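Everything on this sheet refers to the single structure shown next.
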Amino acid sequence: MVSYDLLLKGGLVVDPKNNVEEVLDIAVRDGKIVEVAGELDARKAKSVVNVEGKIVFPGVIDTHVHIRGLGHKMMAKAGVITAFDFGSPVERIVSDIKIYGTGLNVAFLTNIRSYYPDAGESLSDEQISEAVSRAAREGALGIKITGGHRPFTPETTARIIEECNRQGVYIAFHVGTTETGSDINGLIEAVELAGDNGLHIAHVNSYCRGLIDDPIVEALKALRHLAGKRNIASESYLATINGTGGRCVNGVPVSKVTRNCLRLGGYPETYDGLKRAILDGYAFVRVEAGGEVILVTGEEGLKYWLEAETDIGLSFPVNDPEAQIILATAKDAYGDFIVDAISTDGGAIPRNVAVEKGMLLVKFGALTLSELAMKLSLNPAKLMGLESKGHLGVGADADITVVDPVSCKAYMGIARGEIIMIDGVVVGHGGFILTSKYGEEAIRKTGIPYSIIDISKTKIYAGRSS
Ligand SMILES: [Zn+2]
């Protein structure tokens, strides 16, 4: 008689790919969705969860996170099911899943700088080629360039993008080169440097903070440069705070982003300026407390920054809400979203607010529920080439995020048919890696379950050939 592992009863199922927005039951077996219908027989299920009054979305896919340990828990709590990490080394990804894992699906990119920490502003062709193939062999989907923090020359940046395209591995760019910065000019340059090559432009909102022009003008400019570019994927997030580093060398913050934040806040771009910004409550230090990462500022924040000899994560309230709303909701002439996804750039940075802020945009009337499902799951699945995710049709992976429309927060998370979070309590463990054929051997050796993504189906490459 038993034929379902899990049955979700009576939730409002929102599944734009299958054009569904109605109250339905969803049955899961062996990690897949096996039936979606008006009234399924509860006697056939091993366990039943009543989700009446709740919204049932395809599992949230966060297309830009930094997992780092406790991020696993923080993301699961926020309703994330699949996380795309931007820049953690493979050893960290694997050990974090084993120690901190909460059942998430995890894909990752390797920061090319991690292979050449002492390199200057350029890399040789051999260095680039070796780094790209090494990242893929180690199990990453590809490479991340952090031009905003420690830039390369435009030539080296373009060569990295080109080499990733040549080798068929994923490439994402936090914009900025030695000629520009982490701002709207950097974004325009990034689109030019990509040319016809595929490129993922990270967190578009962070280039619209008013460094060059009014944030709204910058957001509209970003949209103009991204619209119609089928070789470019992008995401933006909906949190006031950014994420950067506090490390200072010779009295100056190393990260260009940190220096930008100080300038925006009217502080000198120096050690002393940063110290004052922390004391004034403008710079927040990220510290672990109660099993999560929290923000601390003022005297207490300063204490942590000094104890870490300045080398600690910082966040500044620099994101413009109006620019963020424009980027989250803007569509092109064909009715498609210009920025593909709402991401968080969160994980261990405490801003995993895509579900909550996205629901507020729905309440505000800026997005419909179906549109929110597109931005949180369907488009991210296309961005990553995940055909069995992003929707709730029969045969899809049983990745589900249930949301409470009153609190706007995630109520339950289901990954591959297993409940990983319920009512704010994270119960999942371990994890599941999404790698490419190049990384299969390395990931198999880790003992962590995995599946293979066809990188040619990711938006940056599929879009080019269609
Ligand atoms: Zn990031």
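Computed over heavy atoms, backbone and side chain alike; hydrogens, waters and symmetry mates excluded. These figures come from a predicted structure and were not determined experimentally.
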Mark yes or no: Lys144 above the aromatic ring of Phe86, with NZ or CZ under 6.0 Å from the six-membered ring centre and no more than 45 degrees from the axis.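 Lys144 over Phe86 ring: no.
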With a cut-off of under 6.0 Å to the ring centre and 45° to the axis, is Lys46 in cation-pi contact with Tyr4?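 The answer is no; the distance or angle limit is not met.
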Enclosure of [X] [atom1] (heavy-atom neighbours >12, cutoff 6.0 Å):
{"X": "Lys9", "atom1": "NZ", "answer": "yes"}
{"X": "Lys389", "atom1": "NZ", "answer": "yes"}
{"X": "Glu356", "atom1": "CD", "answer": "yes"}
{"X": "Glu441", "atom1": "CD", "answer": "no"}

Side chains of [X] and [Y]: closer than 4.5 Å at any heavy-atom pair?
{"X": "Ser47", "Y": "Leu7", "answer": "no"}
{"X": "Leu223", "Y": "Ile326", "answer": "yes"}
{"X": "Leu327", "Y": "Gln324", "answer": "no"}
{"X": "Asp423", "Y": "Met412", "answer": "no"}
{"X": "Val287", "Y": "Val293", "answer": "no"}
{"X": "Arg416", "Y": "Asn105", "answer": "yes"}
{"X": "Val257", "Y": "Asn242", "answer": "yes"}
{"X": "Ile460", "Y": "Ile232", "answer": "no"}

Could you give me the CA-CA distance, side-chain angles and deciding distance for Ile420 and Leu104, then say whether side-chain contact (heavy atoms from CB on, under 4.5 Å) is met? CA-CA 8 Å; Ile420 63 167; Leu104 301 174; 3.8 Å; yes
So, [X] and [Y], do they make that salt bridge, N to O below 4.0 Å?
{"X": "Lys382", "Y": "Asp340", "value": "no"}
{"X": "Asp5", "Y": "Arg29", "value": "no"}
{"X": "Asp30", "Y": "Lys32", "value": "no"}
{"X": "Glu440", "Y": "Arg137", "value": "no"}

Would a line drawn from the ring center of Phe108 to the ring center of Tyr170 be shorter than 6.0 Å? no
Which atom names give the shortest non-hydrogen contact between [X] and [Y], and what distance separates them?
{"X": "Gly168", "Y": "Ile455", "result": "O-CG2, 3.5 Å"}
{"X": "Cys208", "Y": "Ala323", "result": "O-CB, 3.8 Å"}
{"X": "Val56", "Y": "Leu392", "result": "O-CD1, 3.8 Å"}
{"X": "Tyr461", "Y": "Ile171", "result": "OH-CG2, 3.8 Å"}

Starting at [atom1] of [X], measure out to [atom2] of [Y] and round the result to the nearest 0.5 Å.
{"X": "His64", "Y": "Ile342", "atom1": "NE2", "atom2": "CD1", "result": "15.0 Å"}
{"X": "Leu193", "Y": "Thr180", "atom1": "CG", "atom2": "OG1", "result": "8.0 Å"}
{"X": "Leu372", "Y": "Leu378", "atom1": "CG", "atom2": "CG", "result": "12.0 Å"}
{"X": "Ile81", "Y": "Ile414", "atom1": "CD1", "atom2": "CD1", "result": "7.5 Å"}
{"X": "Arg209", "Y": "Asp183", "atom1": "CZ", "atom2": "CG", "result": "10.5 Å"}
{"X": "Phe57", "Y": "Ile55", "atom1": "CZ", "atom2": "CD1", "result": "5.0 Å"}

Checking the side chain of [X] only, and the main-chain atoms of [Y] only, is there a donor and an acceptor separated by less than 3.5 Å?
{"X": "Lys98", "Y": "Thr446", "result": "yes"}
{"X": "Glu218", "Y": "Gly210", "result": "yes"}
{"X": "Ser343", "Y": "Thr63", "result": "no"}
{"X": "Asp25", "Y": "Ala37", "result": "no"}
{"X": "Tyr411", "Y": "Pro405", "result": "no"}
{"X": "Thr110", "Y": "Ile112", "result": "no"}
{"X": "Tyr100", "Y": "His429", "result": "no"}
{"X": "Asp397", "Y": "Asp399", "result": "no"}
{"X": "Glu235", "Y": "His203", "result": "yes"}
{"X": "Lys357", "Y": "Ala239", "result": "no"}

Regarding [X] and [Y], do their side chains bring together a donor and an acceptor under 3.5 Å, going by distance alone?
{"X": "His66", "Y": "Asp345", "value": "yes"}
{"X": "Thr177", "Y": "Thr157", "value": "no"}
{"X": "Ser456", "Y": "Asp454", "value": "yes"}
{"X": "Glu21", "Y": "Ser370", "value": "yes"}
{"X": "Thr344", "Y": "Asp62", "value": "yes"}
{"X": "His174", "Y": "Thr146", "value": "no"}
{"X": "Glu130", "Y": "Tyr115", "value": "no"}
{"X": "Ser236", "Y": "Asn205", "value": "no"}

Check step by step if salt bridge (charged side-chain N to carboxylate O under 4.0 Å, His left out) holds for Glu138 and Arg134. CA-CA 6 Å; Glu138 289 177 344; Arg134 182 172 160 197; 2.9 Å; yes
Trace of the side-chain hydrogen bond (donor to acceptor under 3.5 Å, both in side chains) decision for Ser88 with Arg68: CA-CA 8 Å; Ser88 299; Arg68 295 183 208 132; 4.9 Å; no
I need the full list of ring pair (Phe, Tyr, Trp, His ring centres under 6.0 Å) pairs touching residues 211-238, with sequence neighbours left out, sorted by first then second residue. none
Applying side-chain contact (heavy atoms from CB on, under 4.5 Å) to Asn352 and Lys77, what does each step give before you reach the verdict? CA-CA 9 Å; Asn352 300 288; Lys77 195 172 169 184; over 6 Å; no
Candidate list Ile145, Ile128, Ile143, test side-chain contact (heavy atoms from CB on, under 4.5 Å), partner Ile161, passing option: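 The passing option is Ile145.
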side-chain contact (heavy atoms from CB on, under 4.5 Å) with Leu6: which of Val28, Ile400, Val48?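 Filter result, single survivor: Val28.
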Begin with the C-alpha distance, continue with both residues' side-chain angles, and end with the deciding distance and a verdict on side-chain hydrogen bond (donor to acceptor under 3.5 Å, both in side chains) for Asp15 and His391. CA-CA 6 Å; Asp15 178 6; His391 68 101; 4.7 Å; no
List the steps and the verdict of side-chain contact (heavy atoms from CB on, under 4.5 Å) for His200 and Leu383. CA-CA 9 Å; His200 176 135; Leu383 185 146; 3.8 Å; yes
